[in-house]
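This report concerns only the one structure given below.
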Protein chains: 2
Amino acid sequence: MTEVIEPAIETVTIDVVLSALADPVRLTLVRALVAAGDWTCGSDVLKEAGVTIGKSTVSHHIKVLRDAGLIRTRVDGIRRLVTLRYDDVEQRFPGLLSMLREHASARTAAAAPTSSA
Amino acid sequence: MTEVIEPAIETVTIDVVLSALADPVRLTLVRALVAAGDWTCGSDVLKEAGVTIGKSTVSHHIKVLRDAGLIRTRVDGIRRLVTLRYDDVEQRFPGLLSMLREHASARTAAAAPTSSA
DNA sequence: CGGAAAGTTCGACTCTGATCGTACTGTTCG
DNA sequence: CGAACAGTACGATCAGAGTCGAACTTTCCG
């Protein structure tokens, strides 16, 4: 098989999506995928983002995001690539991904110009 | 005092907002406030929604939502009323509240017409 | 004043969820 | 074939969040 099962976008509920995005690691991953916009290796993305967790934990988070209907997994030889289900998510939750893209992480990106005070 | 402190909307991060909305009780409350659109008693709203929890727990959830910048609390005599910070939230996270309004609860509203297939 | 009602605060309990380590599966390549 | 690598599956552990109950605060009214 070269594809991994994923839920139909109509069956995805906002409750599950919000729970999936409530975790800092998963939020970092989704944000990176929004920026990447193409098939990417989840482990590498997190590594580059400074998130150092075990590979079983990475697998767990990717599964949560996939079950939430946010990402898609493809088998590429020895590794697995992930990408956002951009059109699907945009169709069911318009503006959600734009929101994530525009609001850079509050934890990692401390260089945000919030110092207006 | 007749007002309760709340964070400036510019200081509100999407991380905190997502975490706040990830709880079913809080999501129910916010959805009810979106529907109400006016000052409402949080305890009553939850009671009507079929959520039966202790009053200290209600107080806790309201505090989380208030700290997340989503709701506002006003003292009205012996009780306290809450309302959505509609304009503020809409300004900082456009489309978020519309998203919550259009996607009825997956847990409580099982009568949603998802059977289009 | 004194009781009632609504909400907050605090401490304690519980339970979900994130994390890790190990074992296992599947793929590539020497 | 067999070693190495990427990822999954499973079980165990641990921290954090939701929940409750009791005590306290504040307000209203008899």
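Throughout, a chain's letter reflects where its sequence line sits, starting with A, and its residues are numbered from 1. Computed over heavy atoms, backbone and side chain alike; hydrogens, waters and symmetry mates excluded.
Closest-nucleotide positions on DNA chain D for B:Gly77 and A:Arg66 were compared, and the one nearer the 5' end corresponds to A:Arg66. If B:Lys63 and A:Asp76 are placed on DNA chain C by their nearest nucleotide, the residue sitting closer to the 5' end is B:Lys63.
A salt bridge links B:Asp44 with B:Arg79: at least one charged nitrogen is closer than 4.0 Å to a carboxylate oxygen. Residues B:Arg66 and B:Glu6 are not paired through a salt bridge, judged by the lack of any N-O separation under 4.0 Å between the basic side chain and the carboxylate. Residues B:Lys63 and B:Asp67 are paired through a salt bridge, judged by an N-O separation under 4.0 Å between the basic side chain and the carboxylate.
Minimum interatomic distance between A:Phe93 and A:Val17 (heavy atoms only, all atoms of both residues): CE1-CG2, 3.8 Å.
The B:Ile78 side chain lies nearest to C:dA5 when the options are C:dG7, D:dG7, C:dA5. The side chain of B:Arg80 lies closest to C:dT8, out of C:dA18, C:dT8, D:dG18.
Residue B:Arg26 places at least one side-chain N or O closer than 4.0 Å to OP1 or OP2 of D:dG18. Side-chain N/O atoms of B:His61 include one lying less than 4.0 angstrom from OP1 or OP2 on D:dT19. B:Thr57 has a side-chain polar atom (N or O) that falls below the 4.0 Å cut-off from OP1 or OP2 of D:dC20. Between A:Ser56 and D:dC10 there is no side-chain polar atom (N or O) within less than 4.0 angstrom of OP1 or OP2. OP1 or OP2 of C:dT8 sits under 4.0 Å from a side-chain N or O of B:Ser59.
Distance, B:Leu27 CG to D:dG18 C1': 15 Å, rounded to whole Å. B:Leu18 places its CG atom 17 Å from the P atom of C:dG17, with the value rounded to the nearest Å. Here D:dG7 presents its P atom at 7 Å from CG of A:Asp44, a figure rounded to the nearest Å. In this structure, the CG atom of B:Asp23 is 14 Å from the C1' atom of C:dG17, given to the nearest Å. We find that CZ of A:Arg79 is positioned 10 Å from C1' of D:dC5, with the value rounded to whole Å. The NE2-P distance, from A:His60 to C:dT16, rounds to 14 Å in whole Å. Atom NZ in A:Lys55 sits about 14 Å away from atom P in C:dC24, given to the nearest Å. Atom C1' of nucleotide D:dG7 and atom CG of A:Leu65 are separated by 16 Å, given to the nearest angstrom.
Contacts of A:Ile53 with the nucleic acid, taken as non-hydrogen atoms under 4.0 Å apart, involve only primed sugar atoms and P, OP1 or OP2. A:Val58 comes within 4.0 angstrom of no nucleic acid atom, judged by non-hydrogen atoms across all strands.
Both B:Ile9 and B:Leu84 sit in one connected hydrophobic cluster of ILVMFWY residues. Membership requires side-chain heavy atoms under 4.5 Å apart, directly or through other members.
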